[in-house]
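Each chain gets a letter, A, B and so on, in the order the sequences are listed, and its residues count up from 1. Every value quoted in this text rests on a predicted model; they were computed, and no experiment measured them.
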Amino acid sequence: MADIRVRIAPSPTGPLHLGTARTALFNFLVARHLGGTFVLRLEDTDVARSSIGYEQDILDGLHWLGLEWDEGPDVAGGADRGPFGPYRQMQRLERYREAADRLLAEDAAYPCYCSPDELEADRRAQEAAHEAPRYVGRCARLTPEERAARASEGRRPAIRFRVGQGTVGFEDLIRGEVRIDVANLGGDFVIVRADGTPLYHFTVVVDDAAMRISDVIRGEDHLSNTPKHILLFRALGEPEPRFAHLPLILNADGTKMSKRKSQTAVDDYRAEGFVPEAFVNYLALLGWSTGTEEEVLSLADLVERFDLAQVNRGGARFDRERLEWLNGQWIRRLPDDVLVDRLMPFLERARDAGRIDRLPSRDEVEAILPVVRERLPVLGAIVDLAGFLWVDDLRPDPAAIVPRRWDQATTAEALGAARAVMAGQGPVSWEADELEPALRALAEARGWKAGDLFMAIRVAITGRPVSPPLFDTLVALGYERTVARVDRAIRLLTEEAA
RNA sequence: GCCGCAUUCGUCUAGAGGCCCAGGACACCGCCCUCUCAAGGCGGAGAUCAUCGGUUCGAAUCCGAUAUGCGGUACCA
């Protein structure tokens with residue numbers, strides 16, 4: 001099994017899709033686990049739908065996930081790397097042409113002059129007769145004269161591959177033995193359009209052969225087409241690779257994952273603040289498991305344990321809750337400086353959007369990590385959780401400041417008393433373990449429930465009923481700003497009353 | 001329609017003939033901790049292993065049929 005070569009071959013016809021990312025991941029894991037080579041090839045022959053923007057999104061996303069490849073283009077529009085290039089199919093057109101000519105010369109393929117209308121009519125007739133749709137072979141046995149006659153009518157031929165008869169079998173690495181009768185392939189299929197551009201089933205085979213791919217690892221949606229590929233490998237005189245068909249990722253309702261029912265773009269998850277460690281971890285566990293009870297695994301851990309033989313065969317539904325849980329696990333595990341790196345872009349965006357007035361320094365962010373990190377299901381949650389620290393003009397809703405069991409007057413009075421205690425502490429003793437006993441003592445002395453007092457202060461200084469632990473919050477805000485906010489809250493409450 | 005693939009708690013899964021009247025995780029419910037929210041700890045509920053039939057002393061595990069789901073069936077990828 002030496003010289004393992006695997007590949008991911010996305011089409012730049014949309015943003016990086018979850019399913020593509022998962023297929024890329026499994027290929028990557030196989031390559032790294034076995035010491036093989038991971039190739040990236042862009043299948044951009046659908047010119048109308050392909051774009052450089054999508055190419056960029058796909059390459060960026062794969063880099064973000066850490067799935068580095070050994071051959072292929074590194075950046076959108078950039079040069080590619082590796083001995084089997086080019087790695088964009090539109091730059092390989094001559095090779096397909098050449099391969100098609102060879103098949104034509106050997107009569108393994110033939111020109112087909114059928115018009116779309118004729119094909120459509122055939123299909124209708126078959127449907128009416130309850131037969132399986134298939135190419136009827138009208139052009140399969142044309143004499144050179146007949147071909148010339150059609151060509152002179154101005155008809156431009158597509159090229160069809162002769163599927164012949166018999167049965168094609170292969171040993172799928174995940175599913176085991178699969179056999180399909182060639183009769184069920186739908187007849188001779190088109191490999192080159194009338195306009196000369198090659199079709200997917202043809203280009204994959206030509207390229208997988210040219211790039212010496214040893215193991216084709218892809219989604220189950222390609223399983224039924226694999227016999228076509230095998231026939232093509234044989235006709236081209238190329239060795240057949242091994243095949244492995246991964247179970248599909250499904251929508252929550254069990255149907256094939258779609259943009260309509262699920263969030264499928266990898267970049268959307270990134271924008272919410274999912275970390276790549278968690279994303280990769282989650283994707284790896286969708287359809288595969290180590291066989292142990294380990295769940296939180298790094299890319300390196302995954303590489304070490306991965307084995308295609310343990311991949312499941314049934315499709316797996318995408319479960320966002322579980323992804324979020326893993327994301328929390330990973331956020332809790334990231335080193336401080338790394339977490340700060342990950343958080344800063346979210347804070348910059350919040351500042352640009354006017355949700356906070358000032359961008360905190362890295363040190364400021366690092367300082368609050370101990371109290372915020374286990375409260376972040378996604379990185380983006382930092383703004384709701386701690387944004388009050390970087391807002392200049394906080395205006396809490398007076399009604400929200402009043403605890404459930406209190407009225408406005410009590411709240412204003414309590415805040416005034418708390419303010420006095422805070423002033424008593426002063427900026428020099430502004431420590432959590434000094435503030436807490438002092439404020440608890442106040443509550444007890446006045447017969448207030450500490451929780452009520454704390455909640456009033458919390459909303460007064462953060463504007464929200466949910467925050468990191470109160471005394472850490474006071475310290476993070478600082479003496480001056482805390483007191484100013486408490487004063488303002490008291491003012492808001494008394495004005496309201498007036 | 002035809003062909004193919006699949007089927008274990010709501011979800012992701014463990015399980016490769018006796019260790020399983022089925023284990024873990026997420027979600028859910030309780031309790032503990034607690035200034036809110038989390039996190040964490042402890043406990044609970046939750047699967048007649050799709051159904052039926054067979055093989056076997058013994059089946060979630062092997063075989064067959066059925067059902068259901070999904071995929072393929074393009075001059076899309």
Identified pairing partner of G69(B), criterion: Watson-Crick or G-U wobble below 3.5 Å: C5(B)
Sequence neighbours excluded - ring pair (Phe, Tyr, Trp, His ring centres under 6.0 Å) pairs with any residue from residues 440-468 of chain A: Trp406(A)-Trp448(A), Phe454(A)-Phe471(A)
Every protein N/O within reach of nucleotides 72-74 of chain B N/O, cut-off under 3.5 Å:
from   : atom 1 : to        : atom 2 : distance (Å)
G72(B) : O2'    : Asn225(A) : OD1    : 3.4

Qualifying residues under side chain to side chain contact (heavy atoms under 4.5 Å, CB included), relative to Pro116(A), sequence neighbours excluded: none
Under 4.0 Å protein heavy-atom contact, by nucleotide of nucleotides 11-16 of chain B - B base, S sugar-phosphate only: BBSS--
Ring centers of Phe26(A), Phe306(A) separated by less than 6.0 Å: yes
Results of salt bridge (Lys or Arg N to Asp or Glu O under 4.0 Å) for Asp101(A) - residues two or more places apart only: Arg97(A)
Interatomic distance at C1', C57(B) relative to C31(B), whole Å: 47 Å
side-chain hydrogen bond (donor to acceptor under 3.5 Å, both in side chains) contacts in which one or both residues fall within residues 117-128 of chain A, not counting sequence neighbours: Ser115(A)-Glu118(A), Glu118(A)-Arg155(A), Glu120(A)-Arg123(A), Glu120(A)-Arg124(A), Asp122(A)-Arg138(A)
Euclidean distance for P, G43(B) against A59(B) (whole angstrom): 33 Å
Base-contact (B) and sugar-phosphate-only (S) positions in nucleotides 28-45 of chain B, heavy-atom cut-off under 4.0 Å, - elsewhere: -------BBBBSS-----
Side-chain donor-acceptor pair present, Asn312(A), Trp288(A), cut-off under 3.5 Å: no
Contacts of type salt bridge (Lys or Arg N to Asp or Glu O under 4.0 Å), residue Arg419(A), not counting sequence neighbours: Asp487(A)
side-chain hydrogen bond (donor to acceptor under 3.5 Å, both in side chains) pairs, two or more places apart, involving residues 172-183 of chain A: Asp172(A)-His245(A), Glu177(A)-Arg179(A)
Touch class at under 4.0 angstrom, heavy-atom based, for Thr13(A) against every strand present: nothing
Nearest-Å distance once atom P is located in both C75(B) and U13(B): 35 Å
Salt bridge (Lys or Arg N to Asp or Glu O under 4.0 Å) against Asp407(A), all qualifying residues, sequence neighbours excluded: none
With sequence neighbours excluded, residues passing salt bridge (Lys or Arg N to Asp or Glu O under 4.0 Å) with Glu171(A): none
Inter- and intrachain pairs under salt bridge (charged side-chain N to carboxylate O under 4.0 Å, His left out), touching residues 244-260 of chain A, at least two apart: Asp221(A)-Lys256(A), Asp253(A)-Lys261(A)
Gap in Å between the two P atoms, one belonging to G54(B) and one to A14(B), rounded: 30 Å
